[in-house]
Amino acid sequence: NVRSRELSMTGTLRVFHVWFGYAYAVLVLASQTSFAWPLAHHVLTMLMYLALAAHVGIGIHYARRRRAAGLGGLRRS
């Protein structure tokens with residue numbers, strides 16, 4: 001079933017997005033505490049910005065999907 005496969009892939013990407021956000025937070029902390037080692041600081045900072053771009057990109061992907069589905073309003077629990 002194509003629809004169920006699409007939903008399972010979406011759920012998997014959503015879970016990845018959450019865990020990727022946690023990994024991004026670790027990169028931020030690591031890059032901001034590595035000033036004593038300039039090479040490590042530059043590499044970690046570069047990875048931090050790349051991770052930020054990817055994380056925002058995944059978030060935009062979901063925002064577009066919600067808007068296309070008519071779910072663009074505020075979420076209520």
Side-chain angles (χ1 to χ4, degrees):
N1 186 352
V2 175
R3 179 72 178 147
S4 64
R5 174 182 281 160
E6 181 181 307
L7 287 174
S8 71
M9 288 174 62
T10 300
T12 303
L13 186 58
R14 251 184 227 156
V15 170
F16 174 76
H17 183 235
V18 171
W19 284 105
F20 194 77
Y22 294 140
Y24 170 69
V26 170
L27 270 175
V28 169
L29 294 174
S31 72
Q32 297 303 305
T33 58
S34 61
F35 290 114
W37 306 284
L39 179 61
H41 175 69
H42 291 301
V43 169
L44 287 169
T45 301
M46 206 168 36
L47 288 173
M48 179 188 73
Y49 282 114
L50 290 171
L52 174 63
H55 195 253
V56 169
I58 294 170
I60 290 170
H61 168 75
Y62 282 117
R64 286 182 176 167
R65 287 187 67 157
R66 281 193 305 271
R67 184 170 293 160
L71 303 173
L74 295 173
R75 291 187 185 184
R76 289 181 174 73
S77 302

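Applying the 6.0 Å contact sphere to OH of Tyr22 captures no more than 12 heavy atoms from other residues, nucleotides or ligands.
For the atom pair CD (Gln32) and CG (Leu27), the distance works out to 11.0 Å, reported to the nearest 0.5 Å. Note that the NE2 atom of His42 and the CG atom of Leu39 stand 8.0 Å from one another [nearest 0.5 Å]. Taking NE2 of His41 as the reference point, atom CE of Met46 lies at 11.5 Å (rounded to 0.5 Å). If you take CG on Leu50 and OG1 on Thr45, they are separated by 11.0 Å, rounding to the nearest 0.5 Å. Rounding to the nearest 0.5 Å gives a distance of 12.5 Å between CG of Leu47 and CG of Leu52.
Ring geometry for Phe20 versus His55: interplanar angle under 30°, hence parallel rather than tilted (30 to 60°). The aromatic rings of His17 and Tyr62 sit tilted, their planes meeting at an angle between 30° and 60°.
The two residues Leu44 and Ser34 have their closest heavy-atom pair at CD1-OG, 3.8 Å.
Tracing side-chain contacts under 4.5 Å through hydrophobic residues (I, L, V, M, F, W, Y), one reaches Tyr24 starting from Ile60; they form part of the same cluster. Using a 4.5 Å cut-off between side-chain heavy atoms of Ile, Leu, Val, Met, Phe, Trp and Tyr, with links allowed through other members, Tyr49 and Val56 fall into the same hydrophobic cluster.
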